[in-house]
Amino acid sequence: MSTKRRDFLKKSVLLGLAGISQGLLGKINSAALPMFESEPPLPVPFVLPDLPYPAEALEPYIDRETMLLHHGKHHRAYVDNLNKALQDQTAVPAMEELLAKVSTYSAAVRNNAGGHYNHSLFWSLMKAPDSSPKNSPEGKLAERLKMVYGNQESFVKQFSETALKHFGSGWCWLVVTADKEISICSSPNQDNPLMDLAAVKGRPVLALDVWEHAYYLKYQNRRAEYIQNWWNLVNWKKADQLYTEAMGS
Ligand code: MN
């Protein structure tokens, strides 16, 4: 961080504190506070979102310990490292804009922006398992999957095979492509289909993390079992919402 920026940050913090005191006490002379309007704005740091459910909510398929580690350590590291990698930028675009031109940034931005986006999406695409045995696609997405794959089982089989066969760390996706087709694909590391350098581009509808850190504590090397169990957790309502938005845009 440059001295100037550090100075600015320090001054901003002081201003913020002064603002709070002023609000509380109502007797600080604001004219005495320094002004820094000519300073460039600091990039808005990215923030680790809370899990949308308790860490144990996905049990027995994904255990609490894995979730605490995956969210609290791995995802947090992507957010922290993304903010660090962007600290000298004068302006930071919104996440999707950044991903769309990620090839113009450093590898650190690519890996950590992907890591932050992918995990945020992943959490939202899961929910506590239902008591009913079958967790099925909903709405317009259910109709489309049936039309393209014949039935749910056939879709699940193809997606699972893609996830299983992906070599090394990465993600498996269902996407809506620019021409409104739906496609199953996988991407290496923390890449995703919104990136300008993705082999298959599109808007994500489903996302499955196949990094070992996502399942190793509970499943060790049994990726197939993790994938099979993950279907009990898919938040199909959210997936249908993403699908509908992607088809409309
Ligand atoms: Mn992960």
Side-chain angles (χ1 to χ4, degrees), residues 49 52 75 78 82 93-105 109-127 135-211 214-215 223 226-228 230-249:
H75 189 174
Y78 294 122
L82 176 60
M95 176 57 91
E96 289 204 15
E97 224 180 297
L98 192 160
L99 295 174
K101 53 180 182 183
V102 82
S103 64
T104 65
Y105 287 88
V109 171
R110 172 181 175 177
N111 291 335
N112 292 296
H116 178 33
Y117 177 87
N118 297 350
H119 286 89
S120 302
L121 184 67
F122 185 51
W123 311 136
S124 77
L125 276 166
M126 294 190 286
K127 60 168 183 58
N135 187 29
S136 301
E138 294 184 19
K140 289 194 158 51
L141 175 60
E143 289 169 26
R144 186 71 183 275
L145 291 177
K146 197 172 174 191
M147 198 168 81
V148 174
Y149 296 95
N151 53 50
Q152 186 191 345
E153 288 69 30
S154 171
F155 165 71
V156 165
K157 189 162 175 273
Q158 286 191 45
F159 187 101
S160 299
E161 277 173 10
T162 304
L164 185 61
K165 287 178 181 161
H166 179 84
F167 182 76
S169 297
W171 290 77
C172 188
W173 307 93
L174 176 69
V175 298
V176 174
T177 62
D179 53 4
K180 308 296 182 194
E181 297 298 321
I182 59 171
S183 180
I184 297 168
C185 60
S186 69
S187 61
N189 305 316
Q190 294 295 353
D191 285 0
N192 69 47
L194 291 171
M195 290 182 173
D196 56 351
L197 36 69
V200 177
K201 293 184 195 61
R203 299 205 58 83
V205 173
L206 282 180
L208 174 56
D209 190 344
V210 294
W211 281 60
Y215 61 87
R223 187 191 281 188
Y226 158 70
I227 293 168
Q228 191 186 354
W230 175 73
W231 292 106
N232 294 297
L233 303 173
V234 172
N235 183 344
W236 285 109
K237 197 177 286 299
K238 174 70 180 178
D240 183 46
Q241 183 198 326
L242 292 173
Y243 169 75
T244 306
E245 283 168 13
M247 290 303 289
S249 61

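All residue numbers refer to positions in the sequence shown, counting from 1.
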Any Lys/Arg nitrogen of Glu153 or Lys157 sitting under 4.0 Å from an Asp/Glu carboxylate oxygen of the other? no

Over all heavy atoms of both residues, which pair between Tyr226 and Leu208 is shortest? Give the atoms and the distance, please. OH-CD1, 3.5 Å

Could you go step by step and tell me if Gln241 and Lys237 meet the side-chain contact (heavy atoms from CB on, under 4.5 Å) rule? CA-CA 6 Å; Gln241 183 198 326; Lys237 197 177 286 299; over 6 Å; no

Give, for atom OH of Tyr78 and atom CG of Asn112, the distance between the pair rounded to the nearest 0.5 Å. 7.5 Å

Can you confirm whether Trp231 sits close enough to Asn135 that some side-chain heavy atom of one is under 4.5 Å from a side-chain heavy atom of the other? no

Report the distance from atom CG of Asn111 to atom CG of Leu82, rounding to the nearest 0.5 Å. 10.5 Å

Indicate yes or no: at least one non-hydrogen side-chain atom of His166 is less than 4.5 angstrom from one of Cys172. no

Check: Leu99 and Asn192 side chains under 4.5 Å, non-hydrogen atoms: yes

Work out which heavy atom in Leu145 is nearest to a heavy atom in Trp236; give both atom names and the distance. CD1-CZ3, 4.0 Å

Would you name the heavy atoms of Leu98 and Ala113 that are closest together and state the gap between them? CD2-CB, 3.9 Å

Can you check side-chain contact (heavy atoms from CB on, under 4.5 Å) on Arg144 and Met247, steps first, answer last? CA-CA 11 Å; Arg144 186 71 183 275; Met247 290 303 289; 3.4 Å; yes

For side-chain hydrogen bond (donor to acceptor under 3.5 Å, both in side chains), just list the numbers for Arg223 and Tyr215, CA-CA rounded to whole Å, side-chain angles, deciding distance to a tenth of an Å, and then say yes or no. CA-CA 7 Å; Arg223 187 191 281 188; Tyr215 61 87; 3.3 Å; yes

Is any side-chain heavy atom of Pro204 less than 4.5 Å from a side-chain heavy atom of Leu194? yes

Any side-chain heavy-atom pair from Pro49 and His75 closer than 4.5 angstrom? yes

Could you walk me through whether Tyr243 and Leu174 satisfy the side-chain contact (heavy atoms from CB on, under 4.5 Å) test, starting with their C-alpha distance in whole Å, then the side-chain angles of each, then the deciding distance to 0.1 Å, before giving a yes or no? CA-CA 9 Å; Tyr243 169 75; Leu174 176 69; over 6 Å; no

Do you know which two heavy atoms are closest between Met95 and Tyr117, and how far apart they sit? CG-CD1, 3.8 Å

Side chains of Arg110 and Asn189: closer than 4.5 Å at any heavy-atom pair? no

Quick check against the 3.5 Å criterion: does Ser103 have a side-chain atom that pairs as donor or acceptor with the backbone of Asp196? no

Does the Asn118 side chain pair with the main chain of Gln190, one donor and one acceptor, at a distance under 3.5 Å? yes

Contact between Gln158 and Phe155 at the side-chain level, heavy atoms closer than 4.5 Å - yes or no? no

Starting at NZ of Lys146, measure out to CG of Asn151 and round the result to the nearest 0.5 Å. 8.5 Å

Heavy-atom closest pair (Asp191 atom, Trp171 atom, distance to 0.1 Å) is O-CD1, 4.4 Å

Determine yes or no for a side-chain-to-main-chain donor-acceptor pair under 3.5 angstrom, with Lys180 supplying the side chain and Ala246 the backbone. yes

side-chain contact (heavy atoms from CB on, under 4.5 Å) between Trp173 and Leu121: does it pass, once the steps are laid out? CA-CA 11 Å; Trp173 307 93; Leu121 184 67; 3.9 Å; yes

Please determine which of Ile184, Val234, Val175, Asn235 meets the side-chain contact (heavy atoms from CB on, under 4.5 Å) test together with Leu206. Val234

For Met195 against Gly114, the heavy-atom pair lying closest together: CE-CA, 3.8 Å

Taking atom CE of Met147 and atom CD1 of Ile182, what is their separation to the nearest 0.5 Å? 7.5 Å

Quick one: sort the Phe159 and Trp230 rings into parallel, tilted or perpendicular, breaks at 30° and 60°. parallel

Relative to the ring of Phe122, is the ring of His119 parallel (under 30°), tilted (30 to 60°) or perpendicular (over 60°)? perpendicular

